[in-house]
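Below: the structure, in structure tokens.
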Amino acid sequence: MSRFKSDFLRTLDERGFIHQVSDETGLDELFSKEIVTGYIGFDPTAPSLHAGSLIQIMMLHWMQQTGHRPISLMGGGTGMVGDPSFKDEARQLMTVDTIEGNIASIKRVFANYLAYGEGPKDALMINNADWLRSLNYLEFLRDVGRHFSVNRMLSFESVKTRLDREQSLSFLEFNYMILQAYDFVELAKRTGCRLQMGGSDQWGNIVNGIDLGHRMGTQQLFALTSPLLTTSSGAKMGKSATGAIWLNPDMLSAYDFWQYWRNTEDADVPRFLKLYTTLPMDEIAKLSALGGSEINEVKKILATEITAILHGRTAAEEAAETARKTFEEGGLSENLPSVEVPTADLEAGIGLLSLIVRAGLAGSNGEARRHVQGGAVRINDQAVSDERMTIGTGEITGDGVIKLSLGKKKHILVRPA
């Protein structure tokens with residue numbers, strides 16, 4: 001039995017989303033008796049969020065699904081400063097144009113998880129630039145800054161970690177936690193927002209906002225954080241050997257996104273089914289009980305369900321079918337990722353190592369050479385061992401492409417252009 005009576009907290013609890021809650025009983029009561037507005041902030045540090053943000057997005061999704069109002073707060077203002085939490089060094093500062101471009105790009109993903117609109121339970125997309133960029137500094141110091149204790153701020157784990165390593169923390173970054181606290185108060189005043197959620201590294205910043213709200217006369221505010229996730233082998237969520245697992249389709253294809261989840265470690269499958277899919281808990285329990293060779297079928301279900309939410313059911317099933325054809329039948333699928341190479345280059349002949357790098361399967365000729373020497377590279381499903389080999393029009397198959405493979409799971413179609 002869950003310790004919570006509200007649908008929202010019970011759902012988060014049984015699916016493994018809860019790390020800390022500022023006042024469990026009070027927040028549970030609030031969710032049981034009224035429609036609650038809560039938010040999570042997203043800083044636009046790139047044109048896309050990556051899979052590491054999915055746990056936060058899914059928390060907002062379940063908030064709406066259980067009858068409440070989520071806010072996705074875009075950090076158009078705070079993005080100009082950069083969150084120093086647990087960072088080894090200061091973030092690179094971005095121009096306003098870069099921030100605005102990143103926000104416009106990021107926004108496209110959220111509509112797959114949340115229903116936006118004007119109704120009482122419709123999600124809101126708000127940009128904190130609306131109030132932060134127009135702040136009068138002296139007024140802000142007098143009205144807001146006076147409520148903060150530097151002694152207390154220095155005690156936060158995120159700040160102590162940086163100082164213990166003797167890495168400088170700029171005054172600009174030190175202000176970030178004040179701005180984030182102020183966001184909470186502004187949203188409370190503008191929208192009646194009562195809850196801020198985030199990863200466990202945000203706990204100090206969120207509690208700061210609760211304290212500031214108390215001092216500035218808001219209603220009681222609440223904090224809820226999720227655990228910071230790593231895979232069973234200790235890898236950071238949202239990153240793979242080839243880079244970030246981006247959510248925007250123009251930065252990572254549905255097929256590559258599907259493959260990332262298909263390659264989930266066995267021990268992570270039950271946890272990821274709970275966190276990243278909307279499958280019912282009884283179905284997850286049945287799938288989690290399967291072992292042996294059946295675990296691979298469960299991983300395909302996991303990958304397809306997660307991909308379907310982000311990219312749509314059709315794209316998810318196409319990705320699954322592409323993988324099936326490629327891996328189980330050894331066939332060639334038009335849906336595999338591809339790279340275009342000028343026909344003239346193929347007629348002249350391209351060095352194998354150069355082609356591997358051009359296809360994105362290695363970052364340098366040296367890395368490509370190691371792959372060839374290790375026996376991991378195949379052309380049209382035939383292993384190649386000569387690193388000085390040149391690839392040309394003679395390797396183009398009857399399908400009009402060259403299939404370049406690295407290991408069992410990475411395939412690129414080289415298309416003459």
Side-chain angles (χ1 to χ4, degrees), residues 46-48 50-51 101 105 235 238-263 303 307 311 315-417:
S48 171
H50 61 64
S105 180
K239 300 287 179 71
S240 73
T242 53
I245 304 303
W246 300 110
L247 301 185
N248 280 42
D250 55 339
M251 293 179 69
L252 189 79
S253 70
Y255 174 80
D256 286 333
F257 185 79
W258 188 94
Q259 274 295 334
Y260 172 74
W261 298 103
R262 165 63 184 84
N263 294 332
T307 306
H311 292 281
E317 289 175 353
E318 281 178 359
E321 178 62 13
T322 297
R324 189 185 68 78
K325 282 183 180 176
T326 305
F327 305 133
E328 294 172 20
E329 298 177 6
L332 188 65
S333 173
E334 281 295 302
N335 292 324
L336 282 173
S338 64
V339 60
E340 291 191 345
V341 174
T343 305
D345 289 1
L346 288 170
E347 287 172 348
I350 301 175
L352 175 62
L353 302 185
S354 297
L355 185 62
I356 293 169
V357 172
R358 195 183 293 197
L361 295 176
S364 67
N365 280 2
E367 184 184 346
R369 182 178 292 108
R370 288 191 293 276
H371 288 319
V372 175
Q373 291 171 346
V377 177
R378 295 191 310 286
I379 297 288
N380 297 329
D381 295 322
Q382 299 298 311
V384 292
S385 56
D386 182 3
E387 64 193 54
R388 289 167 302 204
M389 177 182 183
T390 57
I391 308 298
T393 52
E395 279 70 42
I396 297 174
T397 66
D399 296 302
V401 296
I402 301 168
K403 183 181 178 186
L404 175 63
S405 304
L406 176 63
K408 293 181 179 178
K409 295 179 178 176
K410 291 181 182 173
H411 307 275
I412 301 285
L413 300 183
V414 179
R415 299 182 183 277

Sub-4.5 Å side-chain heavy-atom contact between H371 and L361: no
Heavy-atom check, side chain of V339 versus side chain of L404, under 4.5 Å: no
Heavy-atom check, side chain of L252 versus side chain of L247, under 4.5 Å: no
Separation between CD of Q259 and OG1 of T307, rounded to the nearest 0.5 Å: 9.5 Å
Distance (rounded to the nearest 0.5 Å) between N248 CG and H50 NE2: 12.5 Å
Close side-chain approach of I350 and R358, heavy atoms under 4.5 Å: yes
Gap separating the OG1 atom of T390 from the CG atom of L346, nearest 0.5 angstrom: 10.5 Å
Separation between CD1 of I402 and CD1 of I391, rounded to the nearest 0.5 Å: 6.5 Å
Atom pair NE2/OH of H311 and Y255 - distance to nearest 0.5 Å: 13.5 Å
pair I356-L406: side-chain heavy atoms closer than 4.5 Å: no
Side-chain touch R378/H411, heavy atoms, less than 4.5 angstrom: yes
Pairing of E367 and R370 as salt bridge, 4.0 angstrom limit: no
